[in-house]
Structures are given as structure tokens and as C-alpha cells.
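In what follows, a structure is listed as C-alpha cells, so that the remarks can point back to it.
Side chains included, hydrogens not; waters and symmetry mates left out as well; all remaining heavy atoms used. Counting starts at 1 for both ligands and their atoms, following the listed order. The structure presented is a predicted model; accordingly, all values stated were derived computationally and were not measured.
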Amino acid sequence: MDIQKNLVSIKKQIHDYEVLYNRKPNSVFLLAASKGQSIEKMQQAVLAGQYAFGENYLQEALSKKLILVDKTIEWHFIGSIQSNKTKKIAENFNWVHSVSEKNIAERLNNQRPPHLPPLNICLEVNISQEKTKSGTDLADVFSLIEFCASLPHIKCRGLMTIPTPHDSFIEQRAEFHKLRSLFNDLNEKNFNLDTLSMGMSNDMQAAIAEESTIVRIGTAIFGPRE
Ligand SMILES: *Cc1c(COP(=O)(O)O)cnc(C)c1O
């Protein structure tokens, strides 16, 4: 697995899609989703200039952080959050993409160390409206975002989703379009959001077409997970 080569090729794709869909240059940020990937692969990514990593499991992330000590690395939590993990998450991450409950938002706010800047968060939305999916229901997003806006130690940057997987580009795009519409509605209500965290290895193009600002890419950079 040539991590450097994969990163160069993903970045070129991102650039090409920015051009294709009339996006501003460099408006799509590449987050390397590194759950289940070895520290050696992550070190290769750092050497190739990749400084933002998304992790799903707290213990795995904390042990990686002990080795990848470079202060310029940005750590994003993208997994589901149990309430007994919020303290360590609030202490160790720059971003949390997967906030879907008031209780979790409040705990992250209260447990964010005062010497650190507010924790950047995204609300995870169950855009496909499936019972089994993670994320908050569409009907509850407004009350959750209002609540988050009242908390001083977290900063609500935007929305995140993991849609039902589809093979067709058109169906992928339709899912992301729903999140983008919700994002635009919230900004009309002055929530000042700047982040749409959507798009993974298999649906990155559709996400960029629908105004994604952060794509979370795992296997296309690192290969299959261990
Ligand atoms: C694993 C994961 C990704 C990356 O998925 P790939 O298909 O490997 O690109 C992105 N986002 C979340 C939340 C994930 O759990």
C-alpha cells in the first residue's frame, strides 16, 4: 500500500471535482479516516503531509495519540459516543463530528478544558431516516442546534451524515442534497454554519457535487482495515 501515492491521487480527485462542480479551489478538506489502520500507515500519511485524522474508537485514538505526538496533527472524533467517554473526547480532540444528543453536547461542553479553544462539533443527522442508523432525526435537528448554540465551550460548525450506501451516483447525490438543504435552511436562520461533513471513499464525488466541505476518506487512502 503506497499511502503517499494514494494521497496524491485522492487530492487530485478532490481538486478535479472542485473544478467540475464549480466549487472554490481548496474548499474541500481531506480528513483521513484512520480507524483500524496501523500507526505505520498513519506515520506515512504524516510524512506525505496529511495532518488531519478521524478516529471512531476512543481507546484506539488515545494510544495512537501517544505515538503521533506532532502538535500540528488535528484529531477528529467521528464514531458513536457513549456518555462515559465524553470527558476524554473533550480533552483530546479538536473536532467531534458525531454529536446527536443534547446530553452528549452538554457533557462535551462542561468537560472541555478551559485552557483549550471551544470544541468544534458537527451534528450527525440521520438523513436516510432509517431506524437502525445513527444520528439525530430530522425533526429534532432544530432544537438540538439551538441548544448547542447556547453552550460556550463547544462551537457548532455544521452537519455530518453517513447515508444508506447506494451504488448509483444519482441516489448518493440525492441523500447528500437533503443534508445540504437542511444546512442552507439553518443558515437562513442565522446559525452561521460553515461545515458539511459528508462523503467517504465510495461516495466522495456525489458529496463534493453537493457542497461537502469535509470528506472523510479511509480505505481509499490506507487500504482495507485490519
Ligand atoms: C470508517 C468511516 C469513514 C471512512 O470510510 P471509508 O469507506 O473507509 O472511506 C468515514 N466516516 C466515518 C464516520 C467512518 O466511520
query: Is Asn103 atom CG crowded by more than 12 heavy atoms from other residues, nucleotides or ligands, each under 6.0 Å away?
result: yes
- prompt: At a 4.0 Å threshold, what atoms of ligand 1 neighbour a non-hydrogen atom of Asn56?
  reply: 14 (C), 15 (O)
field: Identity and distance of the protein heavy atom lying nearest atom 10 (C) of ligand 1
entry: Met200 SD, 3.2 Å
query: Relative to the heavy atoms of Ile162, which atoms of ligand 1 are at a distance of less than 4.0 Å?
result: 13 (C)
query: Should we say atom CG of Asn202 is surrounded by more than 12 heavy atoms from elsewhere, each under 6.0 Å from it?
result: no
field: Same cluster (ILVMFWY, side-chain, under 4.5 Å), Phe93 and Met42
entry: yes
- prompt: Hey, which atoms in ligand 1 end up nearer than 4.0 Å to a heavy atom of Ala33?
  reply: 3 (C), 4 (C)
- prompt: Does Lys178 NZ have over 12 foreign heavy atoms under 6.0 Å away?
  reply: yes
Under 4.0 Å to a heavy atom of Lys35 - the qualifying atoms of ligand 1, by number: 1 (C), 2 (C), 3 (C), 14 (C), 15 (O)
- prompt: Mind checking whether Leu31 and Ile3 sit in one hydrophobic cluster, side chains of I, L, V, M, F, W, Y counted as touching below 4.5 Å?
  reply: no
- prompt: Which atoms of ligand 1 have any heavy atom of Ile217 under 4.0 Å away?
  reply: 9 (O)
query: Has Asn202 got any heavy atom lying under 4.0 angstrom from an atom of ligand 1?
result: no
- line: among protein heavy atoms, the one nearest atom 11 (N) of ligand 1 is Arg216 NE, 2.8 Å
query: Does some non-hydrogen atom of His97 fall short of 4.0 Å from ligand 1?
result: no
message: Given Ile78, Asp203, Leu31, identify the one with the heavy atom nearest to atom 13 (C) of ligand 1.
response: Ile78
task: Return the residue, atom name and 0.1 Å-rounded distance of the protein heavy atom closest to atom 9 (O) of ligand 1.
output: Ser201 OG, 2.5 Å
- prompt: Should Lys12 and Asp16 count as an ion pair when the cut-off is N to O under 4.0 Å?
  reply: yes
- prompt: Do the side-chain N and O atoms of Ser34 and Glu55 include a donor-acceptor pair separated by under 3.5 angstrom?
  reply: yes
query: Any chance NZ of Lys88 has more than 12 other-residue heavy atoms, nucleotides or ligands included, within less than 6.0 Å?
result: no
